[in-house]
Amino acid sequence: MRLLEQRILRDGKVREGGVLKVDGFLNHQMDVELFSLLAKQWHEAFKNDNVNKILTIEASGIGLACIAAQEFGCPVLFAKKTKTKNIDGSVYTTRVESFTHGNIYDVIVAKEYLLPTDRVLLIDDFLANGAALEGLCDLVRQAGATLVGAGIAVEKCFQPGGARLRAEGLRIESLARIQSMSDDGLVFVPGDEP
Ligand code: 5GP
């Protein structure tokens, strides 16, 4: 999506270790008008899939997921990071390795909000090594719900997550796909639609 690519080129900052900082419009200050355009693209891609729930992960996916949910007319569920052991069986739990922080943490969703009848679209801001998305896929699997696919704002294609998850059969619609990134500049995958 050309508009998102242009915004990344204008306001994004490349940091050490393959991290793109987009705090000006995505990860800290949020450009809700831009979010709305991203949401429309995801809706266009998944409008025939009877999505009735959007699942994201705390914290930076939540804003995007809420605007996307308005397009789909459905609720948003976000996987919560937790340090407490939930032993009463009321939640699904999975482990996620954080790309940006380098630690491993548990995320949970309450069983009462993720049902076998749900048709779930995953939404997240970035796709890098794929751990966050994989964790969300695992929660959907545990619930016996149907996984429709994933809408991602920025995919870093030089990291292996996207290729691996697509090979496993996940449909992923990424709106900006970065081929390479360094201090010298940032190159998008050619041929992406306007
Ligand atoms: P993955 O689990 O695919 O390795 O990483 C995805 C998660 O890490 C996203 O939810 C996002 O919050 C964070 N992330 C990964 N790469 C970047 C990046 O380059 N910039 C920012 N701001 N977040 C990233």
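Since the structure is predicted, the reported quantities are computational estimates derived from the model, not experimental observations.
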Original post:
Does any non-hydrogen side-chain atom of V107 lie less than 4.5 Å from one of L139?
Top reply: yes
Original post:
Would you say K111's side chain and G89's backbone share a donor-acceptor pair under 3.5 angstrom?
Top reply: yes
Original post:
Taking ILVMFWY side chains as joined if any heavy atoms are under 4.5 angstrom apart, and letting links pass through other members, which residues group with V19?
Top reply: F99
Original post:
Is the number of heavy atoms from other residues, nucleotides or ligands under 6.0 Å of E33 CD greater than 12?
Top reply: no
**OP:** Look only at the side chain of K53 and the backbone of Y113, and say whether a donor-acceptor pair between them is shorter than 3.5 Å.
**Re:** yes
**OP:** Please say which of L4, L64, L34 ends up in a side chain to side chain contact (heavy atoms under 4.5 Å, CB included) with L26.
**Re:** L64
Original post:
Just by distance, do the side chain of Q29 and the backbone of G24 share a donor-acceptor pair under 3.5 Å?
Top reply: yes
Original post:
Can you list the other members of the hydrophobic cluster that holds I62, where links are side-chain heavy atoms under 4.5 angstrom apart?
Top reply: F78
Original post:
Could you state the interatomic distance from CE (M1) to CZ (R7), rounded to the nearest 0.5 Å?
Top reply: 11.5 Å
Subject >> More than 12 heavy atoms from other groups under 6.0 Å of NZ on K81 >> reply: yes
Original post:
Does NZ or CZ of R119 fall inside the cone over F46's six-membered ring, less than 6.0 Å from its centre and within 45° of the axis?
Top reply: no
Subject >> Lys/Arg-Asp/Glu bridge criterion (N-O < 4.0 Å) met for R95, E97 >> reply: no
Subject >> pair V91-K80: side-chain heavy atoms closer than 4.5 Å >> reply: no
Subject >> Distance in Å, N52 CG paired with L115 CG, rounded so as to fall on 0.5 Å steps >> reply: 8.5 Å
Original post:
Any side-chain heavy atom of N50 within less than 4.5 Å of one from T146?
Top reply: no
Subject >> Test item: T82 side-chain N/O and D106 main-chain N/O as donor-acceptor pair under 3.5 Å >> reply: no
